[in-house]
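Right, one structure below, let's go through it.
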Amino acid sequence: MKLSAFASSFLFDPKKPGFRDYPTLLHDDQKLPGLEASLEQIGEYQRRLWANRARAVLLVVHGPDTSGKDSLIRTLATYADPAGFHAWSFSRPQGAETRHDFLWRVTPFLPGFGEMVAFNRSHHEAVIAERVWPVHEPESYNWKNRYQSIRNFESHLVEEGTTVIKIWLNLSEDEHRERLLKRLDKPRKRWKFDQSDIDGWEKRDQYQEFAEEALAATHTEEAPWFIVPGDRKPQARAIVAAVLAEQLERLAPEYPNEDKGVLKEYRRLLAKNGVK
């Protein structure tokens, strides 16, 4: 994946596997690309992607509870054409999902050519959250095999024409605590509060440890992880929007060429019906 210097500055570094090695907040004097400009670019180049139907984009968004995954995806979709953009959310495997291989449940929701799809959590939950809250007997898991399966899976997607962009929203412990409290304080946010939030907070350190291991094991040059400061949502949105806009522009810089024969026939038909 070709990246600008800006996008590269947020890449996961195998030499720095711990989230504490990455900022959760940028200084105010660190200039970021304008969010609105990036969103307009996303809208335009996503339509070009849809028009060309030659490539696809899969955006994977992960992070602790309250890290802003939902609002980030809503923001990125501001100017997206709904014909070619879809978002899906994955929680703990249930029912039939537990009776298939762990990649089975995400496969039907992968983007087709021309589409941009965002996953709010993804197949990576199978090597992060499922280590904290297993759905099978703990001794039945082979985590190294799952890491290899993910690498193979994403490599296959890339080889077949899908660009895979993986985002980790890096949230500090203090900000995580404050956002959980806000869900209690604000009536419009209380519906989002769940027992899993409490469990997630109590097991935050364990969850972070498994996430660090999972990112280190599934970060590749072709399907990289980006560690994005998450303590200020406007900063996180501006960073991810710029990274996504950059990749969309690379994939679909122009609209496809028109079919001159079809246009000629269309003009003839319009003229025949009195349209000049």
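Remark: Ala126 pairs with Phe102, Glu130, Arg146 by the side-chain contact (heavy atoms from CB on, under 4.5 Å) rule, at least two apart or across chains. With sequence neighbours excluded, the residues that form a salt bridge (Lys or Arg N to Asp or Glu O under 4.0 Å) with Lys166 are Glu154. By the salt bridge (Lys or Arg N to Asp or Glu O under 4.0 Å) test, Glu175 is found to be paired with Arg179, residues two or more places apart in sequence or in another chain being considered. When the side-chain contact (heavy atoms from CB on, under 4.5 Å) test is applied to Val158, the partners found at least two apart in sequence or on another chain are Val164, Glu222. For Glu97, the salt bridge (Lys or Arg N to Asp or Glu O under 4.0 Å) criterion is met by Arg105, not counting sequence neighbours. Remark: His86 engages no residue in a ring pair (Phe, Tyr, Trp, His ring centres under 6.0 Å) (not counting sequence neighbours). Applying the salt bridge (Lys or Arg N to Asp or Glu O under 4.0 Å) criterion to Arg48, with sequence neighbours excluded, gives Glu44. By the side-chain contact (heavy atoms from CB on, under 4.5 Å) test, His156 pairs with Glu160, sequence neighbours left out.
In this structure, the side chain of Lys69 does not engage the main chain of Ser89 through any donor-acceptor pair within 3.5 Å. In terms of modelled atom types and a separation under 3.5 Å, the side chain of Asp81 and the main chain of Trp50 share no donor-acceptor contact. Between the side chain of His219 and the backbone N or O of Trp225 there is at least one donor-acceptor pair closer than 3.5 Å. For the pair Ser38 (side chain) and Gly34 (backbone), a donor-acceptor distance under 3.5 Å is present. In this structure, the side chain of Tyr22 engages the main chain of Lys16 through a donor-acceptor pair within 3.5 Å. Remark: side-chain polar atoms of Arg55 are paired, donor with acceptor, to backbone N or O of Gly161 under 3.5 angstrom. Between the side chain of Asn273 and the main chain of Val275, no donor-acceptor pair closer than 3.5 Å is present. Under a 3.5 Å cut-off, the side chain of Asn52 and the backbone N or O of Ala54 do not form any donor-acceptor pair. Tyr141 places no side-chain N or O within donor-acceptor distance of the main-chain N or O of Pro134, the cut-off being under 3.5 Å. Proximity of a side-chain donor or acceptor of Glu40 to a complementary backbone N or O of Ala37 within less than 3.5 Å is not detected.
In this structure, Leu103 and Ser149 approach most closely via the heavy-atom pair CD1-O, 4.3 Å. Of all non-hydrogen atoms in Leu11 and Pro224, the two that sit nearest each other are CD2-CB, 3.6 Å. A pairwise comparison of heavy atoms in Pro229 and Ile227 identifies CD-O, 3.9 Å as the closest pair. Nearest heavy-atom pair across Val228 and Ala236 is CG1-CA, 3.8 Å. Pairing each heavy atom of Val60 with each of Ser122, the nearest pair is CG1-OG, 3.4 Å. Considering all non-hydrogen atoms of both residues, Arg121 and Gly63 come closest at NH1-O, 3.4 Å.
Taking CE from Met1 and CD from Gln247, the interatomic distance works out to 4.5 Å, rounded to the nearest 0.5 Å. A distance of 15.0 Å separates CG of Leu49 from CZ of Arg250, quoted to the nearest 0.5 Å. How far CG of Leu72 is from NZ of Lys233: 10.0 Å, rounded to the nearest 0.5 Å. Put simply, CD on Gln46 and CG on Leu39 are 12.0 Å apart, with the number rounded to the nearest 0.5 Å. If you take OG1 on Thr218 and CD1 on Ile150, they are separated by 6.0 Å, rounding to the nearest 0.5 Å. Rounded to the nearest 0.5 Å, atoms CG (Leu215) and CZ (Phe210) are 14.0 Å apart.
Phe153 and Trp143 end up in the same hydrophobic cluster when Ile, Leu, Val, Met, Phe, Trp and Tyr side chains are linked at under 4.5 Å. Residues Val243 and Ile73 are members of one and the same hydrophobic cluster, defined by side-chain heavy-atom contacts under 4.5 angstrom among Ile, Leu, Val, Met, Phe, Trp and Tyr. By the rule that hydrophobic residues join a cluster once side-chain heavy atoms approach within less than 4.5 Å of another member, Tyr207 and Leu171 end up as members of separate clusters. Under the 4.5 Å side-chain heavy-atom criterion for ILVMFWY residues, a single connected hydrophobic cluster contains both Phe90 and Tyr147. Hydrophobic clustering, with ILVMFWY side chains joined whenever heavy atoms are under 4.5 angstrom apart, groups Phe10 together with Leu76.
When only modelled atom types and interatomic distance are considered, Thr98 and His136 share no side-chain donor-acceptor pair under 3.5 Å. In this structure, a donor-acceptor pair under 3.5 Å is present between the side chains of Ser4 and Glu246. A side-chain donor from one of Tyr79 and Glu36 sits under 3.5 Å from a side-chain acceptor of the other. For the residue pair Ser172 / Arg177, no side-chain donor-acceptor distance below 3.5 Å is found, with atom types taken as modelled.
You'll find the side chain of Ile239 reaches within 4.5 Å of the side chain of Phe6, heavy atoms only. The side-chain heavy atoms of Ser71 and Arg237, taken from C-beta on, include a pair separated by under 4.5 Å. Contact check for Met116 versus Leu244: side-chain heavy atoms found under the 4.5 Å cut-off. A 4.5 Å side-chain heavy-atom check between Tyr266 and Leu270 finds at least one atom pair inside the cut-off. Between Phe119 and Leu110 the shortest side-chain heavy-atom distance falls below 4.5 Å. At least one side-chain heavy atom of Ile42 sits less than 4.5 Å from a side-chain heavy atom of Leu248. A 4.5 Å side-chain heavy-atom check between Leu3 and Phe226 finds at least one atom pair inside the cut-off. A 4.5 Å side-chain heavy-atom check between Trp88 and Val117 finds at least one atom pair inside the cut-off.
Pairs of residues two or more places apart, or lying in two chains, that qualify as salt bridge (charged side-chain N to carboxylate O under 4.0 Å, His left out) and include a residue from residues 252-267 are Glu265-Arg268. For residues 132-143, no residue pair satisfies the salt bridge (charged side-chain N to carboxylate O under 4.0 Å, His left out) rule, not counting sequence neighbours. Every pair passing salt bridge (charged side-chain N to carboxylate O under 4.0 Å, His left out) that includes a residue from residues 203-215 is listed here, sequence neighbours excluded: Arg131-Glu213.
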Given the rule in the side-chain contact (heavy atoms from CB on, under 4.5 Å) test, do Thr163 and Leu58 qualify, once you have shown the distances and angles that lead to the verdict? CA-CA 6 Å; Thr163 293; Leu58 175 62; over 6 Å; no
Criterion side-chain contact (heavy atoms from CB on, under 4.5 Å) on Tyr45 and Leu251, from CA distance to verdict: CA-CA 8 Å; Tyr45 290 113; Leu251 294 174; over 6 Å; no
Working note: Trp168 + Phe19, criterion ring-ring contact (aromatic ring centres under 6.0 Å, His included); need CA distance, chi angles, decisive distance, verdict. CA-CA 10 Å; Trp168 178 269; Phe19 294 142; 4.8 Å; yes
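Partner Thr24 forms a side-chain hydrogen bond (donor to acceptor under 3.5 Å, both in side chains) with one of Asp174, Asp231, Asn170 and no other, that one being Asp231.
By the 4.5 Å side-chain criterion applied to Ile, Leu, Val, Met, Phe, Trp and Tyr, Leu269 is assigned to no cluster and stands alone.
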